[in-house]
Every structure is written in structure tokens, then in C-alpha cells.
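Take a look at the structure set out below.
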There are 2 protein chains.
Amino acid sequence: MLNRFSIGVMKVSIRKIAELAGVSKTTVSFVLNNRGDEKNISSATQEKILAIVKDHNYKPNQLARSLSLGKTNTIGFVVPDISDPFYGKIAKHIDSCAEERFFKVMIANSHEDKNKESELINNLISRQIDGIILASTQVFESNKYKGVPLVYFDRISPNQKDSFIDINNQYSTEQITKLLIKRGHSKIGFISLTSYLPNIQDRITGYKNALIDSGFVTDENNIIDIDYNNKKESVVKALKTLLCTNNCTGIVFVNNVLAAEGVWALNTYFSELIEKVEFACFDNLDLFDYSLPKVTSVVQPIEDIAKNCLEMLCDQIDNSIIHKGKVLKTTIIER
Amino acid sequence: MLNRFSIGVMKVSIRKIAELAGVSKTTVSFVLNNRGDEKNISSATQEKILAIVKDHNYKPNQLARSLSLGKTNTIGFVVPDISDPFYGKIAKHIDSCAEERFFKVMIANSHEDKNKESELINNLISRQIDGIILASTQVFESNKYKGVPLVYFDRISPNQKDSFIDINNQYSTEQITKLLIKRGHSKIGFISLTSYLPNIQDRITGYKNALIDSGFVTDENNIIDIDYNNKKESVVKALKTLLCTNNCTGIVFVNNVLAAEGVWALNTYFSELIEKVEFACFDNLDLFDYSLPKVTSVVQPIEDIAKNCLEMLCDQIDNSIIHKGKVLKTTIIER
DNA sequence: TATTTTTGCTAAATCGGTTTAGTATAGGCG
DNA sequence: CGCCTATACTAAACCGATTTAGCAAAAATA
């Protein structure tokens, strides 16, 4: 059959190399897989083959190889948005770790769309990837893809017990809230977003616990959900309520994007309050170093998350060991 | 031969489906590829096959398919750093465009390492990817990978004539420099970095041209290279020279990262100058909306770059058409 | 009725590797 | 010398798809 490889530059195959060397495909295969000595291929033959391989710049077809071996040495990395610096950084480190183990990474973007995510995963599976690292949009249907090694991160279903790498959302948010309290703030608002995601819910709980622990009462009026499609205005409105009506002086934001909006809003509309008000939020941004008010933030151990995801996945791929979920420690930058 | 697919959940293959339906593999293949009618497969048989396929949740093995077809429907996307938001955003849009054409994207991170880049590309080729989109670390050896459809972006060798999507670095930098001049700045410094990369060189030329065009002389003392491994201090020092010794009031930065450092340095060490000094730079950052001094910046048409890269690549893959390089227009945010 | 055409399907080669089970020759040992 | 082992290699099956060439029976045509 003709395919595009047949036209133009003729691709060399193992068969061609074998012919040129006057040996069988088997011999070439052994030599290329460093099993020449073990298989008693004479060094003369080995050298001859390697020379021809180099000469023709022959690179084995990994499709054929993978088909035969039943292993692609490829893992899928599925995230809601690869342009989000958080996922981008995780991707980079996953890629680095994977490289050490001779794995390649296929990145897939679900665009926060549950159906697209399913499609992507099925596609990865049909491409025979060896495993998947997933930040899912659909935290409820875990274990949907039985039979494929899978590690979850960032978005983890509450009933997920195995194969995830998480961080302690609740505890971290509790800590930064307590830091604001320690600095003398007694009225602290929380700017959140409407989301079923457990990590968001945990952060809210953490904020509440900090207040209760410190002997304050929690007031639902001080917790405001943001319309994510209309962030800018929505944050301004929320700040107005919290700062002006409810007299809060400390604000905890559920994530860095909202905190950045908060910094902008405070500078633009409530600049007279800059000296009085303090912010804290989940996830860092370089911006927080430069701007007023400085923002105390929770830093996720990105490199560790990536490393642990890959280790856990590899153990599942290589040794069929399914680990319990693991919760990593965050750090806090107090500004 | 045994492989991991043989253990546990037995994977279904086209052969199994054929057996279950009591037909040949050929027939199943025709039906699955929507060629049933064309190949005169009775609708009864077609329906039977499709039912069994659905029943067993059968997904054709894409490795085998690709091996046979000589096409993987996969493209490689090779960049120096996927955690850089610029490349992240490009990746996201490439992925979206690719999806429409039923292509998958393999992202590879060269870590700005020339040798790693070669390795990655060779690996992608051995995986039979259909084409590559590349922001190269090694702009000089273009056309090294003859025979593989390849489109360059962001990092383009000056002698590259075909198959690239670029933006006009020189013209854009000229424009923002002229904007500073128009706002009344007569002494304008340029903060750059030591780099052989043509886009950097073009930006320097653009800055110089703006000065010359406006009747000023260019002064090499006003162009300072930054030590990228020691950005923070290096930028402070550069600003001190330009603002305090050379009496510049406008500063053009070669990229957004250095400009962000500049904003921080100005606020930290030269806050008395904030009202007098104005910044401009290449590439935007959200930060520039929030901070003082506000920074006029060049915005690259990220979505367009991605779209054009993919279109150009597909034309090369599908129709063997090699297009001339294309230069896209930037926009400027004046603040 | 005999011939041609259409319908409905399949055997077998192929893509490019890996691997098992084997063969032929040479050398070592009693 | 005869047997055994080590050396050096290979034929052929297999992974799971696609595709060409072709066959048999039914329907259409002459």
C-alpha cells in the first residue's frame, strides 16, 4: 500500500537496514535494543549494523515498536486550561520528570468542558498512552476509566480515596485568615466564587474555621460569590459591600485571579483605604510583590505536585501499585 | 506474545469484533470507517457490527491505524518553556485549532536547550508526527529536519524565507518609542538583554530608528543589557544609570518581564520619579493595568499566530504546499 | 436461457517493529 | 572420535489496524 512515506524521501525501515547489513531483522532489532551481547551477536556484526544505522540516520518507528510492545512510553496530561500559569508550570515539571523516565507527555486541554474532557481521555486511551494525569472538570464520576493508570490532581472528588495528589486547601486558608486576625483585623470578608469544586468548598471551610477558632462569629454576609464572567465589576461591588457597608478591614480571596482584581479595584475605587486594608489569597502572583496592598498568599508546591503525580503514576504503570491519595504541604508568603 | 493488554481486562480488537459479528475484519473496518455503503455492506450487517462495537465499547487502536495509514493526525509543538504564559496561550489556541481538524498536539519543552530540542524533535519524528510547530532555541540551523512539515514561530532565523509566522518586532518597537517621544520625552533609554535572537536585535533596531526618525541621536550609553540570571539587581542598576546619570525620562524595555522588574525597581528605589518617568515595553502583562507607572505595551496577536501556524502547517501536510513566511500585525496598548 | 452486472462479502498482504523457538557451525572435553 | 555446549544467527508469528484483488450468489439484461 502506498502512503505518504513512500513518496519522496524513502524512509528506512529495520528491514532495509537488515538487507544492507546482510543479516535478519531479528539481529538488527537485538543490536538496537542493546541485547546484542546477550544474544551472542558478534561484535563485528554489531558494529557493522550500528554503522549502517548511523549512516542512514535510521530511527525506529515508534508506532510499530509501541504496537508490538504494548507500551507507548507516553502519558496524557489533561487540564482545564494549559494557558493558566498554574497548569503550565505543573506541565513543565511533569515533562521534566517524565523525561528522566523516558516518557513523553501529551497535553490535552479540556477547556473546562466535561464532554470534551471525556473525548480527550478516550482519544488518549485509543492512542494507547500508558497513563493519565488529570485535573478534572467533573469531580464526581471518578473511576470512570477503569483499567487505565490514572492520577488526579488539583480537582479531586471528595469520595476519591486513591491515586491523587492534593494540597490542604482548608488548612492553608485557615492559616492565612489567622494571619490577618493576628495582625489585628477583627472583621474579615471572604471573596469566593460559585463552584461545586471541592477545593473551593474547602477553602471556604478553612476561612470559617479560622474565625470560629479565634472566637469570632462567621457572618454569611461577609462571604460573597463572584460572577466569574463579570469579574471586574463583580469584585468592585463585593469590595464595596465588605469594606464600606460591613466595615471589613481584612479580605481573603479564594484565588489569585480574584485577588489581583481586588488590588486593582482597591487602587481604582477605594484608594483612601489602602493603608487600612489587608489582603490574603490562595495561590501567589508576582504582581503581589509589586503592588499595594501587598497580598499575603498561599503557595502551592508546584514542583512537588508534579513530581509526586508522576511517581505515583509510574508505580501504577510499572508495578500495578495503587497508592492512597497524598496531601502535600503549602507554604505561605506573608507580606 | 504477552503484553500488558493481555492481562486483566482483555482489550477488544477488530478481530474480536469480527468474530462476534460473524464477519471478516475487512467488513468491520469498512463499516467503522463509514465506507459500508460504498463497499456494499448490507445495512443489516452494518447495524449488527455497530451494535457490537458499542456494546463492547470498542475503540480502534490508533497505533495500528496510524502505522497502516502512515499518518498519526498528531502534530508536535516545541517551545522553550511551556510555563511561559505566551507559549501557554499559543499552545491553547493551537490545540483548539488542531481539534477542529481532528489533530492532536504533543507539546514538548526544550528548556531553552539546543541539544534537548534536537532530541525532542527526533523523538517526535520517530513517533511519526505529521508536522511540527517550533519556537526554536537554535535559530541558525533551519531546514535541518528536511522531509518533515515544519512551521516556525516566535524565534525565526534571519535567513528563513518560508514556513514561518512572525510579527514585526522592529516596527512595533519603533512605534512605542515614538509614542514616548510624542508624549514629550526627549531622552529615552533602552533596557535589553544579551541575545543573539533576531527578534531581540530587531527590537533594538526599532528603538534606534524611532530616535533617528524623530531627529534625535542614538547614544549607546542609553542602551543597557541586562544579566538575565540576575535580573532584579541588574535592572535597578540600569535604571539608576539611565534615570539618574543619563537623565532619561522614558524607558523602553525589550520585554514584559524586564518591564515588570522596572516597575518594581522604580517603586522601590526611585519612587520620587514615578510622576516624571514613563515606560513602554514589548509584550503585555495584566500587572501593567494595576501598577504605576502604567506601561505602554506591544500586544502580540496570539490567537492569530496560533491559527496561522496551524493553517500553514496543514497546507504543508495535506497539500505539500510550502508557503512564504508571514508577518502579522501587533497592536499597542497606550496607557 | 445465457450472459453480464450488481450485491455482499473475504483472504491475504502490508505497515515496521519484537520475540520465541529453532538451526547450523565451531570448539571443548572425555 | 563422538557428544555436548557455546556461538552466531534466522524464520515466522505477532501486535491491530487498512486495503487490494477477487470470489460467489443474486439480479438484471439480452
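Each chain gets a letter, A, B and so on, in the order the sequences are listed, and its residues count up from 1.
For the 3.5 Å distance criterion, the side chains of His323(B) and Asp315(B) qualify, holding a donor opposite an acceptor. A donor-acceptor pair shorter than 3.5 Å cannot be found between the side chains of Tyr58(B) and Ser126(A). Between the side chains of Gln62(A) and Asn123(B), not a single donor N or O lies within less than 3.5 Å of an accepting N or O. For the 3.5 Å distance criterion, the side chains of Ser163(A) and Gln316(A) qualify, holding a donor opposite an acceptor. For the residue pair Lys71(B) / Asn73(B), a side-chain donor-acceptor distance below 3.5 Å is found, with atom types taken as modelled.
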Q: Please assess Asn33(A) against Ser29(A) for the test side chain to side chain contact (heavy atoms under 4.5 Å, CB included), listing each intermediate value before the final yes or no.
A: CA-CA 6 Å; Asn33(A) 288 289; Ser29(A) 178; 3.5 Å; yes
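At a cut-off of 3.5 angstrom, the base of dG16(C) holds no donor-acceptor pair with the side chain of Ser13(A).
Contact annotation: Ser29(B) side-chain N/O to dT18(D) OP1/OP2 distance is under 4.0 Å. Using a 4.0 Å cut-off, no side-chain N or O of Asn61(B) falls inside it from OP1 or OP2 of dC15(D). Taking only side-chain nitrogens and oxygens, Tyr58(B) never comes nearer than 4.0 Å to OP1 or OP2 of dG16(D).
Distance Arg35(A) CZ to dT18(C) P: 9 Å, rounded to the nearest Å. Atom CD1 of Ile14(A) is separated from atom P of dG16(C) by 11 Å (rounded to the nearest Å). Distance Glu38(B) CD to dT20(D) P: 10 Å, rounded to the nearest Å. Spacing between atom CG of Leu67(B) and atom P of dT19(D) amounts to 13 Å, rounded to whole angstrom units. To the nearest angstrom, P of dT14(C) lies 8 Å from CZ of Arg15(A). Between the CZ atom of Arg65(B) and the C1' atom of dG17(C) there is a distance of 20 Å, given to the nearest Å. Atom CG in Leu63(A) sits about 15 Å away from atom C1' in dT14(C), given to the nearest Å. Atoms CG (Leu32(B)) and P (dT19(D)) sit 13 Å apart, rounded to a whole Å.
A distance of 9.5 Å separates CE of Met106(B) from CG of Leu120(B), quoted to the nearest 0.5 Å.
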**Q.** nucleotides 7-12 of chain C: protein proximity per nucleotide (B base, S sugar-phosphate only, - neither; heavy atom, under 4.0 Å)
**A.** SBBBBB
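Using cut-offs of 30° and 60° for the angle between ring planes, the Phe77(B) and Phe153(B) rings count as parallel.
Glu19(B) and Arg15(B) are joined by a salt bridge, as a carboxylate oxygen and a charged side-chain nitrogen come within less than 4.0 angstrom of each other.
The C1' atoms of five pairs define one axis at each end of the helix from dT1(C)-dA30(D) to dG30(C)-dC1(D), and these two axes lie 60° apart (to 10°).
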